[in-house]
Amino acid sequence: LLVRGGLASREAAQAVVWELDPEFFDGSGMRRWLASDAVAGLSLREDWPSETTVWLWRRFRSEALSNRERAWHKSTESFEMSEIHDRAVQDRALVRVEPDSSEGGTWLTGPDMRRIGWLSEVVEELPNSVIYAEIDLAESQALIHRVGPET
């Protein structure tokens, strides 16, 4: 996890594990461990985890502790469907959202990228988020669902 978490030295990771035998199983646990008094104290030494890896270790620890975890949430917004291109689409079908700023709207597409419908508004995509739509045929709406970190 140390190397996968960004520590750019296998030598440093091995030294840390051999000396401290850390017990964490995910990124959150690793960050709690990195913030512990024992690790903080050792990280002040000029020869830890080794003389050749001290700066790599310090940069890794600093970056890992500065990246706060953000809670993810789900939000839903309704958009009126301007056009339905596929009358065979089932009510409550889950579809892809493809904003088309050049046309000033958003395509709703199936898994095969077949165009199902059109929204006359551009649906904003947010970084590090997942976006999809649910078709509500009774109301001629697309329920846009976003799942991602709170901003």
Side-chain angles (χ1 to χ4, degrees), residues 1-79 81 85-86 89-90 92-136 141-151:
L1 275 175
L2 293 170
V3 172
R4 283 186 23 216
L7 180 55
S9 169
R10 290 184 189 277
E11 176 190 343
Q14 287 176 334
V16 168
V17 170
W18 286 333
E19 185 169 344
L20 297 178
D21 194 25
E23 292 187 19
F24 53 81
F25 303 98
D26 59 17
S28 296
M30 180 181 72
R31 281 185 291 283
R32 281 192 300 276
W33 176 80
L34 287 168
S36 71
D37 291 341
V39 174
L42 286 169
S43 296
L44 295 174
R45 290 181 23 190
E46 295 298 323
D47 63 344
W48 198 82
S50 72
E51 288 181 11
T52 59
T53 63
V54 66
W55 294 109
L56 289 172
W57 171 259
R58 286 181 179 172
R59 184 178 67 208
F60 161 72
R61 184 171 176 270
S62 173
E63 288 174 0
L65 292 176
S66 69
N67 290 335
R68 66 178 179 91
E69 287 187 57
R70 296 186 298 173
W72 279 43
H73 74 288
K74 180 178 179 182
S75 63
T76 303
E77 192 176 354
S78 296
F79 288 83
M81 290 184 60
H85 293 267
D86 183 352
V89 67
Q90 295 183 5
R92 299 295 172 189
L94 301 180
V95 298
R96 298 171 57 102
V97 176
E98 300 291 332
D100 186 345
S101 55
S102 66
E103 294 290 325
T106 302
W107 288 106
L108 303 175
T109 64
D112 59 357
M113 301 303 290
R114 179 180 37 85
R115 290 180 172 171
I116 293 172
W118 174 255
L119 308 177
S120 60
E121 297 177 59
V122 175
V123 175
E124 180 184 4
E125 292 183 292
L126 302 175
N128 303 317
S129 296
V130 176
I131 186 171
Y132 63 96
E134 180 181 354
I135 303 293
D136 181 348
Q141 292 183 341
L143 303 173
I144 305 297
H145 300 287
R146 287 181 171 73
V147 182
E150 293 188 67
T151 53

Show me the side-chain donor-acceptor pairs of residues 10-22 shorter than 3.5 Å, one per line, residues at least two apart or across chains.
| unit_1 | atom_1 | unit_2 | atom_2 | d |
| --- | --- | --- | --- | --- |
| Glu11 | OE2 | Ser50 | OG | 3.1 |
| Glu11 | OE2 | Thr52 | OG1 | 3.3 |
| Glu19 | OE1 | Trp48 | NE1 | 2.8 |

For [Y], is there any backbone N or O sitting under 3.5 Å from a side-chain donor or acceptor partner on [X]?
| X | Y | value |
| --- | --- | --- |
| Thr106 | Val123 | yes |
| Arg58 | Ser43 | yes |
| Ser36 | Trp33 | yes |

Between [X] and [Y], which heavy-atom pair has the shortest distance, and what is it?
| X | Y | result |
| --- | --- | --- |
| Glu51 | Val54 | O-CG1, 3.8 Å |
| Gly5 | Phe60 | O-CE1, 3.6 Å |
| Ser101 | Val122 | CA-CG2, 4.1 Å |
| Ala64 | Arg31 | O-CD, 3.1 Å |
| Asp100 | Ser102 | OD1-OG, 2.6 Å |
| Ile144 | Ala133 | CD1-CB, 3.7 Å |

For residues 93-122, which residue pairs qualify under ring-ring contact (aromatic ring centres under 6.0 Å, His included), counting only residues two or more places apart or in two chains?
-> His85-Trp107, Trp107-Trp118
Show the numbers, then the answer: is there a side-chain contact (heavy atoms from CB on, under 4.5 Å) between Met81 and Ile135?
-> CA-CA 9 Å; Met81 290 184 60; Ile135 303 293; 3.9 Å; yes
At what distance, to the nearest 0.5 angstrom, does [atom1] of [X] lie from [atom2] of [Y]?
| X | Y | atom1 | atom2 | answer |
| --- | --- | --- | --- | --- |
| Arg61 | Leu2 | CZ | CG | 12.5 Å |
| His145 | Tyr132 | NE2 | OH | 5.0 Å |
| Arg32 | Leu65 | CZ | CG | 12.0 Å |
| Glu98 | Leu119 | CD | CG | 12.0 Å |

Taking only Lys NZ, Arg NE, NH1 and NH2, and the carboxylate oxygens of Asp or Glu, determine whether Arg146 and Glu77 approach each other closer than 4.0 Å.
-> yes
In sequence, state the C-alpha distance, the side-chain angles, and the governing distance for Leu108 and Arg115, and then conclude on side-chain contact (heavy atoms from CB on, under 4.5 Å).
-> CA-CA 6 Å; Leu108 303 175; Arg115 290 180 172 171; over 6 Å; no
Give a yes or no on this: more than 12 heavy atoms of other residues, nucleotides or ligands lie within 6.0 Å of atom CG of Asp37.
-> no
Taking it one step at a time, do Arg59 and Leu56 satisfy side-chain contact (heavy atoms from CB on, under 4.5 Å)?
-> CA-CA 5 Å; Arg59 184 178 67 208; Leu56 289 172; 3.5 Å; yes
